[in-house]
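Here's the structure, in structure tokens; my notes come after.
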Amino acid sequence: MDIRVNSLIAFPKVENFKKEIKNKKILNITRRGKYILFHLSQNKTMVVHLRMTGKLLIKDPETSLDKHTHVIFHLNKDKELRFNNIRKFGRIYLVNDNEYKNAGGLSELGPEPLAEDFTLEKFKKKFNNRTANIKALLLNQKFIAGLGNIYTDEILYRSAVDPKRKANTLKETEINKIYNNMREILKLGIKYNGTTFSDYVNAFGEKGRFQEKLQVYQKNGEKCNRCGRKIKKTKVAGRSTYFCSGCQK
DNA sequence: GGCTTTGTTTTATA
DNA sequence: GTATAAAACAAAGC
């Protein structure tokens with residue numbers, strides 16, 4: 001493999017990473033929250049977090065290198081797996097199977113929102129006495145895994161809930177809506193291959209189309225489809241937040 | 001060259 | 001120890 005930017009290798013040290021991953025076979029690939037897990041032979045797992053602007057691309061070796069390609073894995077069948085990352089925020093870890101302590105926050109993630117056994121009842125229980133605003137909670141990976149800024153804004157818009165609402169003031173009907181919309185919107189996002197504003201593409205270079213379905217994210221100044229008032233942009237939980245003050249209460 | 005961007009980690013405080 | 005909020009950090013693009 002070629003490591004052109006050392007800072008993307010988070011664990012272990014670059015030289016050990018290179019040694020340990022050599023000649024390993026990719027058995028299968030799974031996901032937990034925003035972490036991608038490459039299950040390798042000899043009880044190793046390579047964990048990848050793309051953070052912002054990270055991409056994993058399958059390329060032919062003769063394809064010219066992008067200036068933001070920072071790590072290259074040489075696969076068999078004459079293919080390369082390239083880690084491309086404009087902002088260099090992504091991280092790659094190589095750990096023993098099921099020993100995720102050295103892989104960032106992976107070992108502390110909350111439940112998977114789309115898991116079959118993650119019922120409405122379980123979701124409701126998590127709200128007990130939580131006083132943080134609902135946007136901060138949904139973004140908190142320890143509370144629930146996998147939601148980022150775009151999807152959180154869309155979930156709260158569809159649920160007609162103000163992002164600044166304290167979690168312990170939400171009515172049961174509102175939590176129901178958040179639960180249903182969370183699952184609905186994540187499924188839609190997957191169906192439409194994600195959201196491409198500027199640079200996101202999948203492993204084969206294809207853009208997503210979910211941006212066509214967004215109701216509030218980056219739509220400040222535009223009319224709300226539900227009540228007609230203008231979508232506003234503000235900051236909640238330290239993140240840019242788009243919402244309709246007319247119908248999100 | 002300061003501001004924006006998001007996801008995570010760190011720090012401070014209660 | 002836990003919950004929360006704010007700040008810090010990553011670095012390129014405009």
Side-chain angles (χ1 to χ4, degrees), chain A residues 3-11 14 31-37 47-57 65-71 82-93 95 100-113 123 125-157 162-170 182 185-186 189 194-201 208 210-211 214 216-221 231-243:
Chain A
I3 300 175
R4 302 155 64 89
V5 176
N6 285 348
S7 62
L8 300 190
I9 306 297
F11 186 89
V14 171
R31 177 196 61 76
R32 175 80 173 97
K34 300 175 190 174
Y35 295 81
I36 303 168
L37 282 66
V47 180
V48 178
H49 197 305
L50 302 174
R51 299 255 185 126
M52 287 178 76
T53 69
K55 306 171 192 171
L56 285 170
L57 302 169
L65 283 186
D66 187 279
K67 74 190 251 204
H68 300 297
T69 297
H70 305 314
V71 179
R82 297 182 182 174
F83 189 95
N84 183 302
N85 197 183
I86 295 174
R87 293 208 175 94
K88 299 180 184 160
F89 291 172
R91 291 292 178 266
I92 305 176
Y93 313 80
V95 297
Y100 296 147
K101 292 251 162 61
N102 291 316
L106 176 59
S107 59
E108 302 179 285
L109 290 178
E112 286 290 327
F123 187 56
K125 275 192 186 145
K126 297 185 64 64
F127 280 80
N128 278 344
N129 303 318
R130 297 299 292 253
T131 59
N133 63 55
I134 182 61
K135 170 141 184 175
L137 264 195
L138 292 180
L139 286 174
N140 182 347
Q141 303 298 299
K142 294 177 188 172
F143 183 78
I144 192 155
L147 298 178
N149 203 29
I150 298 175
Y151 292 90
T152 300
D153 277 4
E154 294 295 318
I155 290 164
L156 292 175
Y157 171 78
D162 188 320
K164 292 182 293 297
R165 279 280 294 285
K166 301 290 176 192
N168 60 356
T169 70
L170 293 170
M182 173 175 73
I185 286 173
L186 285 175
T195 308
T196 301
F197 273 113
S198 53
D199 49 75
Y200 170 75
V201 292
F210 192 64
Q211 65 278 9
L214 297 177
V216 284
Y217 186 79
Q218 286 205 356
K219 300 212 178 282
N220 43 318
I231 305 296
K232 288 182 181 172
K233 178 181 180 181
T234 178
K235 266 223 157 57
V236 180
R239 292 292 165 257
S240 55
T241 297
Y242 304 85
F243 76 111

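Throughout, a chain's letter reflects where its sequence line sits, starting with A, and its residues are numbered from 1.
Among the heavy atoms of the strands lying under 4.0 Å from A/S240 are primed sugar atoms or P, OP1, OP2 only; no base atom is included.
Listed nucleotides: C/dA12, B/dT5, B/dT8. Nearest to the side chain of A/Y35: B/dT8. Checked against B/dT5, C/dT4, B/dT8, the side chain of A/H49 finds its nearest nucleotide in B/dT8. Listed candidates were B/dT6, C/dA11, C/dT4. Nearest to the side chain of A/N149 is B/dT6. The listed nucleotides are B/dT5, C/dA10, C/dA12; the one nearest the side chain of A/I86 is C/dA12.
Dashed line: the shortest gap from a side-chain N or O of A/K142 to OP1 or OP2 of C/dT4 is not under 4.0 Å. For the pair A/H68 and C/dA11, the criterion of a side-chain N or O lying under 4.0 Å from OP1 or OP2 is not met. Considering only side-chain N and O atoms, A/K235 lies under 4.0 angstrom from the phosphate OP1 or OP2 of B/dT5. Side-chain N/O atoms of A/R130 include one lying less than 4.0 angstrom from OP1 or OP2 on C/dT4. At the phosphate of B/dG7, neither OP1 nor OP2 sits under 4.0 Å from any side-chain N or O atom of A/Q141.
Rounded to a whole Å, the CG atom of A/N6 is 12 Å from the P atom of C/dA11. Going from atom CG of A/N140 over to atom P of B/dT6 covers 17 Å, rounded to whole Å. The separation between A/R51 atom CZ and B/dT4 atom P is 21 Å, rounded to whole Å. Atom pair A/Q218:CD and B/dT6:C1' shows a separation of 12 Å (rounding to whole Å applied). Rounded to a whole Å, the CD atom of A/E108 is 8 Å from the P atom of B/dT9. Note: CG (A/L139) to C1' (B/dT6) measures 9 Å, nearest angstrom. Going from atom OH of A/Y217 over to atom C1' of B/dT4 covers 10 Å, rounded to whole Å. What separates CG of A/L109 from P of B/dT8 is a distance of 8 Å, to the nearest Å.
In this structure, the side chain of A/E154 engages the main chain of A/V216 through a donor-acceptor pair within 3.5 Å.
Residues A/L109 and A/Y35 have side chains in contact (heavy-atom distance under 4.5 Å, counting atoms from C-beta outward).
A distance of 15.5 Å separates CG of A/L106 from CZ of A/R91, quoted to the nearest 0.5 Å.
For A/Y242 and A/Y217, the gap between ring centers is short of 6.0 Å.
For the residue pair A/D153 and A/S240, the shortest heavy atom distance occurs at OD2-O, 4.0 Å.
If you check distances only, the side chain of A/R239 does reach the base of B/dT8 with a donor-acceptor pair under 3.5 Å.
Across the interface with DNA chain B, nearest-nucleotide mapping of A/Y242 and A/K34 shows A/Y242 to be the residue nearer the 5′ end. Heavy-atom nearest nucleotides on DNA chain B were determined for A/Y93 and for A/K233, and the one closer to the 5' end corresponds to A/K233.
Partner of A/L156 under the side-chain contact (heavy atoms from CB on, under 4.5 Å) criterion, out of A/K135, A/K164, A/R165: A/K135 alone.
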